[in-house]
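Step one of this worksheet: look at the structure below.
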Amino acid sequence: MIVNTAQTPALRKAASAQQATLDELVSIAAGRAADGLADMAKRMTAVLLDMTSAGNDPQTVGRRIRSGNLLQDNAYAFVHLASTAIELALRKEVALLAPASRAAPAPLTLSLVPMEEMDNQLAFAAISRPFDIQQSERLASLGVRLGLLLGRELVRASHNPFRPEVFLRALQEAWCEFEPDEAAHALIVPLLRTGVVFDFAPILEALNDRLKPARFREERFAKTDDSAAARAARARRDAAVSQGLRQLFGAAEAAAGAELDIPLIPNLPQGGGWRPSAAAGFAGAMPPGCGQPVPAHAGAPAPAPSAAAAPLIEVLEKLAGAVPAPGPQAGPAAGPHEVFYLPRLKQSLPRGSLSRGDETTLDLLSRIFETVLLDESIPQETRELIAFLQVPVLKAALKDRSFFFEDAHPARRMLDLLSNAGWERPASADDPVYRAMQRGVDKVRREAQPDAFAAAVADLEASMAEREQLEAAAIAGPIAQATRQEKQAAAARSANKAVSLRLAGEQVVALVGTFLEQRWTPVLTLAYTIEDSKPGAVDNATRAMDDLIWSVKPKATQEQRKALIKRLPALLTTLNKWLDAVKWQDAERLQFFAALADCHATIVRAPIELSPERQLELAVEAAQQDALRRVAREQAEAAEQESALDPAGALLASLERGMRVEFKGALGVRKVRLTWVSPLRTLFIFSGANRQEAFSLPAERLAEAFRTGSIRVLAAEGVVGRVLGEAVGQGAMNDPGREPVPAARAG
């Protein structure tokens with residue numbers, strides 16, 4: 001039969017990655033061991049030269065003195081030999097685990113092991129036993145992690161390439177090479193004991209840390225703050241936009257002084273040949289002075305036809321007299337003849353009559369208003385109100401250019417609030433938010449003072465806050481119920497997970513296993529539920545579960561049995577308190593505790609005469625079970641953290657209350673607002689315009705919607721910042737021949 005041993009590229013790549021990791025582990029272990037060899041040599045020297053334990057044999061005393069002096073004078077040589085021997089021994093052991101070594105097993109042969117070798121193996125088994133018992137938990141964890149690396153269940157203790165015996169044998173070989181007197185070679189054996197040999201704990205901990213999932217190596221329980229990352233990204237974006245705007249205005253002002261021909265922001269409405277769109281607020285009757293010279297009317301002077309640059313703010317003041325002032329009751333509902341239109345205003349002015357800075361300001365605001373007034377998702381009533389703010393906002397931006405750099409600028413804040421708050425069509429003319437919008441626009445148009453914007457913003461924000469309170473009150477009942485259900489479901493999941501991990505990684509007696517599944521899972525669920533109000537409840541219930549599992553394990557030593565007897569009263573008290581809390585009071589409870597008492601009695605009365613080999617076997621077995629459970633928990637938590645890196649999960653984490661989203665489905669497209677997010681972000685409530693069509697979606701369905709593209713988050717930032725970012729970020733400021741792009745985008 002022909003066996004095909006060819007490997008696919010994927011298998012070769014996996015084997016190469018495994019081998020690279022094993023090589024790295026050898027370097028870590030050899031390096032940590034080398035760090036402790038110098039101190040170990042000093043301890044060995046002290047023991048060799050200590051004559052209190054040398055005995056009465058003159059030859060033995062003489063060998064110890066000579067070997068001790070040799071080691072004291074040439075410690076560096078022994079350290080070099082020992083570090084080299086340890087690394088070679090580790091690489092030899094690791095080679096037996098490497099994927100390549102298992103590809104073509106050697107044929108079976110029968111051979112006799114020399115008696116000397118058998119004696120040596122037994123001797124080193126006895127020498128390494130104290131180290132194995134002392135490091136049983138770390139060795140067991142390392143065996144489980146190596147098994148995961150190599151695709152096995154675990155690597156048994158006798159095949160673990162980093163077991164203490166490998167290091168101890170290497171130390172003996174180094175000593176035999178270092179000490180020329182063969183009769184002194186046996187002196188190393190009594191020195192290979194705890195307290196003289198370097199500590200294995202740092203070595204094994206470093207190896208375990210290397211094999212842990214990457215997210216557990218430095219910040220095991222760290223959670224990514226998606227909101228903080230989003231804020232940081234937005235801050236960087238805003239800083240870049242501000243820098244671009246400052247450069248733009250700086251260049252414009254320099255051009256005004258040096259008469260340089262510096263291009264403006266590309267694709268903005270320009271005076272030569274640009275025509276206003278048909279958006280509401282950009283069409284209709286032209287006021288005097290817009291698109292044609294202003295006639296003599298009401299004593300208002302016409303604009304100067306010369307090309308001499310004049311401050312735009314002065315031009316606006318002159319044109320203001322050419323337009324009849326609104327009557328006392330006109331308010332924001334005044335006719336179109338009372339509204340300036342920014343693009344046509346620029347078109348009406350002689351070319352070159354504006355400074356570069358004023359022209360840039362006018363172009364930017366033209367684009368901002370056109371974007372808003374073309375957005376069909378904003379009701380017509382709101383867009384009509386916004387249209388009246390064109391000249392007041394222009395004046396505010398001309399007087400204070402921080403309008404373009406600061407979100408909190410009152411004029412900019414008002415424009416953003418109107419475009420966002422007005423997204424919901426007013427239920428009626430008496431809608432409080434819509435009335436606040438009308439009052440604000442009227443106040444700004446009448447007073448034309450910087451403080452007017454701030455007062456209007458305060459009034460509008462107060463009305464919006466009142467509306468949010470009413471919305472919250474309207475859905476307070478469903479929210480409270482959803483919160484309770486979410487908390488209960490999360491607690492049940494955590495409890496089931498905790499019990500399952502322990503039962504999967506433990507050889508628990510049937511009595512306790514059944515009890516944990518049926519009776520302690522409700523206890524843990526209760527503990528997770530009340531953890532917020534009673535901190536420490538989860539830790540207390542979990543510790544009781546672990547103590548119960550430990551109590552029914554065999555106790556190989558008298559000390560372990562004494563510990564069991566000492567801990568039993570507190571354990572039983574804790575168990576009973578929690579069972580009372582979940583109201584388990586039937587006869588089955590009495591039967592359980594009676595059976596548990598028999599189990600404990602059997603453990604305490606069992607024969608204690610156990611050989612050292614059996615003690616080590618029990619310790620290793622218990623450590624392996626603990627390691628399996630611990631590593632399984634790490635893998636589960638790592639998998640959860642990996643799932644959080646899913647792009648859909650990141651988008652889901654970025655959702656915040658008040659955001660607008662767009663759903664696409666069989667019934668078309670609908671835009672809704674995120675009204676509420678549950679504390680654990682497992683449930684999201686949305687509402688349509690006027691708080692209609694409220695519905696809730698679980699996190700799983702939302703994540704799937706992000707994956708399929710059936711949901712889209714509409715622009716979260718204000719319209720001013722969005723337009724400025726698009727304008728500055730186009731990257732075509734020095735490319736006049738670039739094809740223009742639409743200035744506005746609906747939605």
Side-chain angles (χ1 to χ4, degrees), residues 241 264-271 273-287 290-291 332-333 335-336 338-347 360-394 397 403-404 411-426 434 437 441 659-662 664 668-673 688-689 712-730 732 738-747:
V241 172
L264 300 177
I265 288 181
N267 306 326
L268 289 179
Q270 301 295 324
W274 185 86
R275 294 293 181 269
S277 72
F282 280 83
M286 290 293 296
C290 293
E338 296 180 357
V339 182
F340 282 107
Y341 305 93
L342 299 186
R344 296 195 181 191
L345 168 64
K346 178 180 176 181
Q347 195 176 34
T360 299
T361 300
L362 182 56
D363 288 341
L364 284 171
L365 286 178
S366 296
R367 181 166 184 166
I368 290 170
F369 275 99
E370 186 183 19
T371 298
V372 175
L373 298 175
L374 280 176
D375 190 349
E376 296 181 356
S377 66
I378 301 177
Q380 180 67 25
E381 299 93 326
T382 303
R383 284 185 281 171
E384 289 176 356
L385 288 177
I386 294 174
F388 285 99
L389 291 179
Q390 292 177 83
V391 168
V393 171
L394 176 59
F403 172 90
F404 297 103
R412 176 170 174 171
R413 177 66 176 158
M414 183 173 183
L415 192 56
D416 286 337
L417 282 177
L418 287 175
S419 58
N420 289 330
W423 169 72
E424 294 187 12
R425 186 179 302 276
Y434 183 68
M437 294 164 61
V441 172
M659 282 184 171
R660 288 186 295 159
V661 299
E662 179 182 87
K664 296 179 181 179
V669 177
R670 57 175 174 170
K671 298 177 181 179
V672 295
R673 186 164 65 92
R712 180 173 69 94
V713 179
L714 303 180
E717 68 271 21
V719 64
V720 178
R722 186 167 76 251
V723 174
L724 292 179
E726 292 173 354
V728 174
Q730 285 177 355
R738 179 176 176 176
E739 290 294 327
V741 296
R745 292 171 176 82

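- Looking at L364, L342, L389 one by one, the single match for side chain to side chain contact (heavy atoms under 4.5 Å, CB included) with L394 turns out to be L342.
- For the pair T361/F403, no side-chain contact is recorded, criterion being any heavy-atom separation below 4.5 Å from C-beta on.
- Summarising the geometry, atom CG belonging to L362 is positioned 10.0 Å from atom CD belonging to Q390; distances are rounded to the nearest 0.5 Å.
- Minimum heavy-atom separation, E381 to Y434: CB-OH, 3.6 Å.
- When all heavy atoms of A387 and L373 are compared, the closest pair comes out as N-CD2, 4.2 Å.
- Closest approach of L365 and A397 over heavy atoms only: CD1-CB, 3.9 Å.
- Nearest heavy atom pair, residue V441 against residue M414, reads N-CE, 3.6 Å.
- For the atom pair CG of L385 and CD of Q380, the computed distance is 10.5 Å after rounding to the nearest 0.5 Å.
- When all heavy atoms of L418 and T382 are compared, the closest pair comes out as O-CG2, 3.4 Å.
- With R383 contributing its side chain and L374 its backbone, the two residues share no donor-acceptor pair below 3.5 Å.
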